[in-house]
Amino acid sequence: MTQSEPEKKKPIWRRYFLWGMPVAGIAAAFVAGIIFWGGFNTAMEATNTEKFCVSCHEMRDYIYTEYKGTIHDVNRSGVGAVCSDCHVPKDWTHKIIRKIKASRELYGKMVGSISTPEKFEAKRIHLAMNEWQRMKKTDSRECRNCHDFESMMPEFQKPRARQQHLNAMEVGQTCIDCHKGIAHSNIRDRAPEDFLEELEAPNPAFARPIPPEYLASLERIEAKEAAEAEAEKAARKAQQEAVQAQIAAAVDTALAEERAKADGTATDAAASGGSDVGGNIDWNAVAGTDLKLFYPGQASFEWVQNGKTHGGARPLTKGGDQCSTCHAKELDAIGNKIVAGGDLEPTPIPGKRGVIDATVQAAHDDENLYIRLQWADAGHNPAPFVDGGKMDPDNPIKVAMMITGTGIELGEQVGCWASCHADNTYMPFAPDAETIAANPDVAARLTAKDTVTKYISESRAEVEVKGRRGKPLGGWDKLQAEEQIAQYLQDGTFLDLMRVYADGSATNGYLLEQRVVNDGEISASASLSGGMWTVVFSRPLNSGAPGDVPLEPGKTYTVGFAIHDDHSAARFHHVTLNTSLALDDDSADINVVKQ
């Protein structure tokens, strides 16, 4: 019997098992996994760099050049955002999904779908719409990597931004609804209107509670601004009182001299140029309301309703916001921007001011309404497109007040803007004399020869707002039947219109199918003293006359004021936003107090 040979030991990598698998094999797989994952992740992150994104000429030459210099590239904090920050999700799952979808872009690169500037421009809106939709579906997820409603402080935002962010949280709006074109050219106006309507509609699922920190910050800034406004108002009042004292002293001196010359035959009324209007009112006892009238240029009623031209169109037409909701605290910026020239003012007047700061006082005596308006004169700045530089040589100023009747589209939100259409005088779609003459029936009803006066939309069977298929905006020639116009007048669907001229004359009337002057009762005076214009006018609270809106206690009315200064005419005026007026109600912007 032979002795057996000793059994050889297995290699160490075959001796030990874990879960039925060689330990060494597991270790090797683990190391290989680390290497693979590290390489994969490194490659993944490499494709997220700005250098990689602009390595192809399409991105470098077309998109990157637009991005350079924007707020996401350079800013005061030095914190920028590169392509992937906005266009690639941060979490792994959505990042992989986005990368897989982006593989289609490689095919586009190979076939050269955007290889030339012409090809890129042709496809640009399609690419932008795809990205807008992606961001909308995710509640602007990539934006919120850096920006968050909960971290916003209204104290460091402009008034309009505060209000819009507050609305966004309440109704469910998201960043991309408003902030297109932040890092690239804004081509929103090239997207179909129905696409924008659907895209920018609020999503209730995105609504969120208002953070207490946001509300506290909002309260602080509003209190600060209110204090500043009160101080400014007090300073302006003191200045006005000083001017009025000078005016009164000058008038007293002039009266005394005239009486002495005429041996007492001159009358106070004659010497004061009709200033007895409202003479029964103690204006020193009537609180004044500050009015800021701004220059609107060619911003028509159609313009404000068109989302392609006016970012606030949806809040206005769908959300029920008033013009003042967003713009009340930025009228200086708006007026000064428009008056300087641009899309809304193709014919600027050098030197014309962008805003007029005025003070209005209102009183009543149970029978009549009394309005007193004061503002500083600004001298003469000739209009370069008019011979002699004066559009209305006979009237250095005109003042208008409109009271919104019932049943007017957006009337309570926009006030007198409801009568300003894109085909009125000096507006971009105003018909010329030949076009008006070619519509003799309409021209005869409007008593129009060369231009079309203001009107309200209800008086037209159709008003073009969007300009679809190249249609002109407005509806001057789409008049409703005469019977319908008469019914609107009877129902109170019109804008009550009062106008005062520099010589103290005045007209009463209304705006419906056109500007109508009737025999409605009105008295007025106007004077320029010490560089300050003072206009006073009066009309019955309730005349019962056609075209007069009755003013009754317990009701609030939307009114608008306009000042044509420096011999201006038509749209070259300054206007207020929607303003509320009520009798003996200090919650209204203008409180008509009993005297």
Side-chain angles (χ1 to χ4, degrees), residues 293-306 309-310 334-356 380-400 402 414-437 439 442-443 446-457 459-460 463-465 467 471-477 495 497 499 501 511 513-517 560-576:
L293 298 93
F294 72 103
Y295 187 78
Q298 291 186 343
S300 64
F301 190 40
E302 291 79 16
W303 185 90
V304 301
Q305 295 180 77
N306 192 332
T309 55
H310 177 218
I334 293 175
N336 291 329
K337 179 178 181 180
I338 296 175
V339 79
D343 291 341
L344 289 177
E345 183 46 89
T347 54
I349 300 174
K352 190 175 183 70
R353 54 184 164 177
V355 295
I356 294 177
H380 179 48
N381 296 286
F385 49 85
V386 176
D387 290 341
K390 297 179 179 179
M391 285 176 272
D392 185 356
D394 296 331
N395 289 289
I397 62 101
K398 297 186 289 287
V399 170
M402 282 180 267
V414 304
C416 59
W417 224 281
S419 68
C420 180
H421 292 276
D423 48 11
N424 293 152
T425 308
Y426 283 115
M427 295 296 275
F429 294 92
D432 57 25
E434 291 183 2
T435 303
I436 295 174
N439 293 267
V442 175
L446 295 180
T447 62
K449 294 182 179 179
D450 300 323
T451 61
V452 175
T453 68
K454 293 185 176 183
Y455 59 87
I456 61 173
S457 297
S459 67
R460 267 52 181 181
V463 174
E464 180 60 38
V465 173
K471 291 182 179 180
L473 300 185
W476 73 273
D477 57 342
L495 286 169
L497 172 63
R499 302 186 84 185
Y501 301 86
L511 287 169
E513 80 281 16
Q514 62 180 326
R515 185 169 61 235
V516 177
V517 176
F561 290 88
I563 295 177
H564 285 85
D565 73 333
D566 193 13
H567 300 276
S568 64
R571 66 166 182 81
F572 293 91
H573 55 4
H574 294 79
V575 298
T576 59

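Each residue takes its place number in the sequence, starting with 1.
- To the nearest 0.5 angstrom, T576 atom OG1 is 11.5 Å from I356 atom CD1.
- Residues M427 and Q298 form a side-chain contact, since some pair of their non-hydrogen atoms from C-beta on lies under 4.5 Å apart.
- In this structure, K352 does not pair ionically with D566, as no charged nitrogen and carboxylate oxygen lie closer than 4.0 Å.
- Remark: side-chain polar atoms of K398 are paired, donor with acceptor, to backbone N or O of S568 under 3.5 angstrom.
- Inter-residue side-chain proximity for H421 and S457 is flagged as met; some heavy-atom pair is nearer than 4.5 Å.
- Of the possible polar contacts, one joining the R460 side chain to the G475 backbone as a donor-acceptor pair under 3.5 Å is found.
- Counting only heavy atoms from C-beta outward, the side chains of R353 and Y295 never approach each other to under 4.5 Å.
- Considering CG of L511 and CD1 of I456, their distance stands at 8.0 Å, rounded to 0.5 Å.
- Side-chain contact between V575 and F561: absent, with no pair of heavy atoms (C-beta onward) separated by less than 4.5 Å.
- In terms of modelled atom types and a separation under 3.5 Å, the side chain of H564 and the main chain of A570 share a donor-acceptor contact.
- When side chains are defined from C-beta on, E302 does not count as touching E464, because their heavy atoms never get closer than 4.5 Å.
- The shortest side-chain heavy-atom distance between P296 and W417 falls under the 4.5 Å cut-off.
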Q | side-chain contact (heavy atoms from CB on, under 4.5 Å) between H574 and D565, intermediate numbers included | A | CA-CA 8 Å; H574 294 79; D565 73 333; 3.8 Å; yes
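- The two atoms that bring D477 and V442 nearest to each other are O-CG2, 3.8 Å, heavy atoms only.
- The pair K337-E345 does not count as a salt bridge, with every side-chain nitrogen at least 4.0 angstrom from each carboxylate oxygen.
- Looking only at distances, a side-chain donor or acceptor of H567 sits under 3.5 Å from a matching main-chain atom of D392.
- Using modelled atom types, no side-chain atom of T451 and backbone atom of T425 make a donor-acceptor pair closer than 3.5 Å.
- To the nearest 0.5 Å, atoms CZ (F429) and CG (N424) are separated by 12.5 Å.
- Minimum heavy-atom separation, V339 to N336: CG1-O, 3.5 Å.
- Side-chain contact between I349 and M391 is present, with at least one heavy-atom pair separated by less than 4.5 Å.
- To the nearest 0.5 angstrom, W476 atom CH2 is 8.5 Å from D423 atom CG.
- When all heavy atoms of D450 and A433 are compared, the closest pair comes out as OD1-CB, 3.6 Å.
- Enclosure of atom CG in D432 by more than 12 non-hydrogen atoms of other residues, nucleotides or ligands within 6.0 angstrom is indicated.
- A distance of 3.5 Å separates CZ in F385 from CZ in F572, rounded to the nearest 0.5 Å.
- Residue A422 comes nearest to L473 through the heavy atom pair CB-CB, 3.6 Å, listed as atom of the first residue, atom of the second, then distance.
- The two atoms that bring G560 and C416 nearest to each other are CA-SG, 4.2 Å, heavy atoms only.
- The minimum heavy-atom distance linking E513 with L446 is given by the pair O-CD2, 3.5 Å.
- Using a 4.5 Å cut-off on side-chain heavy atoms (C-beta onward), L344 and W303 make contact.
- Between the S419 side chain and the K454 main chain, no donor and acceptor come within less than 3.5 Å of each other.
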